Amino acid sequence: MMKKLMSIAAVAALLVSCGGGQQGKPDFSDNEYAVRTIGASDANLETTYPATFKGMQDVEIRPKVSGFITKIFVKEGQHVSAGQVLFTVDNVTYRAAVNQAQASVTAAQSQLNTAKLTYENALKLHEKNVIGDYELQSSKNQYESAQAALGQAKAALVSARDQLGFCTVKSPTSGVVGSLPYKVGALVSASIQQPFTTISNGSNVDVYFSLNEKEVMELVRKEGSLQAAIAQMPAVKLQLADGSIYSSNGKVIKASGVVDAVTGSVSLIAAFPNPQKLIKSGGSGKIIMPYQQTGAIIIPQDACVEVQDKFFVYKVGKDNKVKYSEITVDTQNDGQNYIVTSGLAKGERIVVYGVNMLQEGMEIKPISEADYAKKMKKAEELSKVQGDGVFAVAKALKS
């Protein structure tokens with residue numbers, strides 16, 4: 001039994017002494033580093049941009065007349081058709097105005113009839129030289145004034161009827177009802193700060209995102225104009241708020257063409273079909289835009305050291321000594337790799353992992369990335385055993 005405990009203690013001590021790296025990392029004291037020889041390949045990357053959603057047609061609903069809401073016929077989230085009644089406003093005053101206007105039309109019609117009879121009689125008397133030209137012209141003027149008065153009264157009646165009709169507020173488009181901040185009894189008018197509701201037609205959705213000024217300039221130089229660049233853009237994907245990818249691809253259809261003075265970016269719009277109404281107006285997500293480049297030099301981001309927006313790598317010379325070298329990379333990346341635009345050439349070698357342990361002029365022992373992966377796996381397994389402690393070792397020995 002004593003010999004077995006001594007064996008356990010010895011193994012545990014051995015595990016601690018052989019830990020090498022920290023928390024599963026390889027021991028770089030042996031100067032072994034993963035090195036890659038630079039080559040060219042086709043880059044198929046994706047760039048993401050924060051985005052907001054807006055229905056193809058978002059219509060704010062406001063009454064055209066003032067009054068108290070008497071009835072609300074819809075609920076939040078309800079789908080409505082064009083012409084469907086949303087709510088009504090108290091119409092007593094406006095109905096009275098219609099009645100008054102109708103009475104004015106009747107009175108004006110009577111005055112017109114009288115003026116017409118007077119004028120026709122004056123014509124007969126003038127033919128018999130009973131009255132002169134002055135009396136005839138006066139009668140004619142009164143008749144024409146009566147005609148104008150009738151037209152004015154009819155116009156007032158049309159206006160009064162329109163005002164009465166505005167007391168019944170209908171949806172101008174098909175869509176989904178938004179929030180309803182006003183309740184029955186609330187006083188509303190055409191000038192209310194917050195609309196009664198918003199009807200969102202979400203059969204198609206416009207997704208808004210932005211490119212920075214530098215990215216836009218690169219596109220314009222490449223394609224000749226921003227519109228030509230938009231026409232050449234590939235289909236884009238949409239990542240929803242829960243991280244899932246939307247089932248249908250979208251197409252970039254237009255750009256603002258003006259650089260926002262505050263953000264220094266240009267707004268673009270991508271259109272997505274939304275038959276299942278899964279995308280809600282006002283929501284947010286990310287636009288995923290594919291990016292392809294032929295004959296590109298691609299390196300992992302772990303191989304780079306970023307200092308004040310500048311990127312550096314450690315090149316490995318023929319004598320296996322490393323040199324701290326600046327490179328430039330494409331602004332578009334997939335979060336794991338960089339496309340190098342200058343500073344590296346095919347055939348050169350760089351350290352791809354563990355660059356934070358290096359110093360200028362340091363001599364290393366190059367190993368392949370496959371050997372480095374094996375070294376990492378071994379270190380992780382050793383770290384796991386160490387984490388289990390002596391009792392785990394005892395259990396292993398017992399078994």
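Remember, it's a predicted structure, so these values are computed and weren't measured experimentally. Only this structure's heavy atoms are used, side chains among them; waters, hydrogens and symmetry mates stay out.
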Enquirer: Which atom names give the shortest non-hydrogen contact between Y208 and K54, and what distance separates them?
Expert: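 Scanning both residues, the minimum pair turns out to be CE1-CB, 3.8 Å.
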
Enquirer: Please confirm whether the ring centroid of F73 lies under 6.0 Å from the ring centroid of F87.
Expert: no

Enquirer: Decide if atom CD of Q152 counts as having more than 12 heavy atoms of other residues, nucleotides or ligands within a radius under 6.0 Å.
Expert: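 For Q152, atom CD is not crowded (no more than 12 foreign heavy atoms under 6.0 Å).
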
Enquirer: Heavy atoms, side chains only, cut-off 4.5 Å: are K315 and R349 in contact?
Expert: no

Enquirer: If you define the side chain from C-beta out and look only at heavy atoms, does anything of I327 sit under 4.5 Å from C304?
Expert: yes

Enquirer: Count the heavy atoms belonging to other residues, nucleotides or ligands that lie under 6.0 Å from CD of Q100, then report whether that count exceeds 12.
Expert: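 Atom CD in Q100 is not packed in, count stays at 12 or less.
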
Enquirer: Is the shortest heavy-atom distance from the side chain of N274 to the side chain of N204 under 4.5 Å?
Expert: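 Sidechains of N204 and N274: no contact.
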
Enquirer: Contact between V74 and Q84 at the side-chain level, heavy atoms closer than 4.5 Å - yes or no?
Expert: yes

Enquirer: Side-chain heavy atoms under 4.5 angstrom apart, residues restricted to Ile, Leu, Val, Met, Phe, Trp, Tyr: same cluster for V35 and Y324?
Expert: yes

Enquirer: Quick one: are L117 and N121 in side-chain contact, heavy atoms under 4.5 Å?
Expert: no

Enquirer: What I'd like to find out is whether the side chain of S200 reaches to under 4.5 Å of the side chain of D58, using heavy atoms alone.
Expert: yes

Enquirer: Which heavy atom in Y353 sits nearest to a heavy atom in V351, and how many Å separate them?
Expert: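 Shortest heavy-atom separation between Y353 and V351 comes out as O-CG1, 3.3 Å.
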
Enquirer: Can you check whether V80 reaches Q78 side chain to side chain, under 4.5 Å on heavy atoms?
Expert: yes

Enquirer: So, using ring pair (Phe, Tyr, Trp, His ring centres under 6.0 Å) as the criterion, who are the partners of F209 when residues are at least two apart?
Expert: Y49

Enquirer: Within the side chain of S138, is there an N or O that forms a donor-acceptor pair under 3.5 Å with the backbone of Y134?
Expert: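 Confirmed, S138 side chain pairs with Y134 backbone.
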
Enquirer: Within a 6.0 Å radius of atom CG on D319, are there more than 12 heavy atoms belonging to other residues, nucleotides or ligands?
Expert: yes

Enquirer: Using 0.5 Å steps for rounding, measure from the CD1 atom of I350 to the OH atom of Y314.
Expert: 13.0 Å

Enquirer: If every non-hydrogen atom of G83 is compared with every non-hydrogen atom of K170, which pair is closest and at what distance?
Expert: O-CD, 3.5 Å

Enquirer: Step through the shown structure and confirm whether more than 12 heavy atoms of other residues, nucleotides or ligands are within 6.0 Å of NZ on K254.
Expert: no

Enquirer: Is the number of heavy atoms from other residues, nucleotides or ligands under 6.0 Å of Q359 CD greater than 12?
Expert: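 No, the 6.0 Å shell around CD holds no more than 12 heavy atoms from other groups.
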
Enquirer: With no hydrogens and no angle check, is any side-chain donor or acceptor of T341 less than 3.5 Å from a backbone partner on D330?
Expert: no

Enquirer: With a cut-off of 6.0 Å (strictly less than), are more than 12 heavy atoms of other residues, nucleotides or ligands near NZ of K183?
Expert: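 It does: K183 NZ has more than 12 such atoms within range.
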
Enquirer: Rounded to the nearest 0.5 Å, what separates atom CG in N91 from atom CZ in F166?
Expert: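 Spacing of CG (N91) from CZ (F166) equals 14.0 Å.
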
Enquirer: Within this structure, what is the CZ-OG distance for the pair F196 and S179, rounded to the nearest 0.5 Å?
Expert: 10.0 Å

Enquirer: With distance as the sole test, does S174 use its side chain to make a donor-acceptor pair with the main-chain N or O of A82 at under 3.5 Å?
Expert: yes

Enquirer: Does any part of the side chain of S104, heavy atoms only, come nearer than 4.5 Å to the side chain of L157, both counted from C-beta?
Expert: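 With C-beta onward as the side chain, the pair stays apart.
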
Enquirer: Could you list the donor-acceptor pairs under 3.5 angstrom formed between side-chain atoms of residues 227-243 and any protein atom two or more places apart in sequence or on another chain?
Expert:
residue : atom : partner : partner atom : Å
K237    : NZ   : E46     : OE2          : 2.9
Q239    : NE2  : G243    : O            : 3.3
D242    : OD1  : S244    : N            : 3.0
D242    : OD1  : S244    : OG           : 2.6
D242    : OD2  : S244    : OG           : 3.4

